[in-house]
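The block underneath contains the structure these notes are about, expressed in structure tokens.
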Amino acid sequence: RELPADTAEFDSDLRDVYARGGTAWLETSAIDQLSARPEGEAWMKQHSQEETRHSFVNKAYNLKFVQVVPVNQ
């Protein structure tokens, strides 16, 4: 699914996912998209689970994953 332009909408989506017992992860494209804007970078710091951050970056690959949670999680 494409990231909503409004982080408030994304927050709502995250709450819905976790309320249903699911988890949410972002991959390279979403991480890069959010990190490209100051407000997105701040959102990532507030919502990401640092201990779940994984990356595999070399000349051939740029793979990143991180779990994101609602702020009240």
Sequence-distant partners of Ser12, side chain to side chain contact (heavy atoms under 4.5 Å, CB included), two or more places apart: Arg15, Asp16
Pairwise side-chain contact, Trp25 with Val66, heavy-atom cut-off 4.5 Å (strictly under): no
Smallest separation among heavy atoms of Ser35 and Met44, with atom names: OG-CG, 4.5 Å
Stepwise side-chain contact (heavy atoms from CB on, under 4.5 Å) test for Val57 and Leu63: CA-CA 6 Å; Val57 179; Leu63 303 173; over 6 Å; no
4.5 Å side-chain heavy-atom contact, Gln49 and Val68: no
Salt bridge (charged side-chain N to carboxylate O under 4.0 Å, His left out) contacts touching residues 39-49 (sequence neighbours left out): Arg37-Glu39
For Phe56, all residues meeting ring-ring contact (aromatic ring centres under 6.0 Å, His included), sequence neighbours excluded: Tyr61
side-chain contact (heavy atoms from CB on, under 4.5 Å) evaluation trace for Leu14 with His47: CA-CA 10 Å; Leu14 278 177; His47 290 79; 4.1 Å; yes
Sequence neighbours excluded - salt bridge (charged side-chain N to carboxylate O under 4.0 Å, His left out) pairs with any residue from residues 19-35: Asp32-Lys64
Inter-residue atom distance Phe10.CZ - Leu26.CG, 0.5 Å rounding: 4.5 Å
Partner set under side-chain hydrogen bond (donor to acceptor under 3.5 Å, both in side chains) for Gln46, not counting sequence neighbours: none
Qualifying salt bridge (charged side-chain N to carboxylate O under 4.0 Å, His left out) pairs, either residue in residues 51-62, two or more places apart: Glu50-Arg53
From CZ (Phe65) to CD1 (Ile31), nearest 0.5 Å: 8.0 Å
Nearest-0.5 Å distance, CG of residue Asn62 to OG of residue Ser29: 9.0 Å
Step-by-step side-chain contact (heavy atoms from CB on, under 4.5 Å) determination, Tyr18 to Thr23: CA-CA 6 Å; Tyr18 280 87; Thr23 61; 3.9 Å; yes
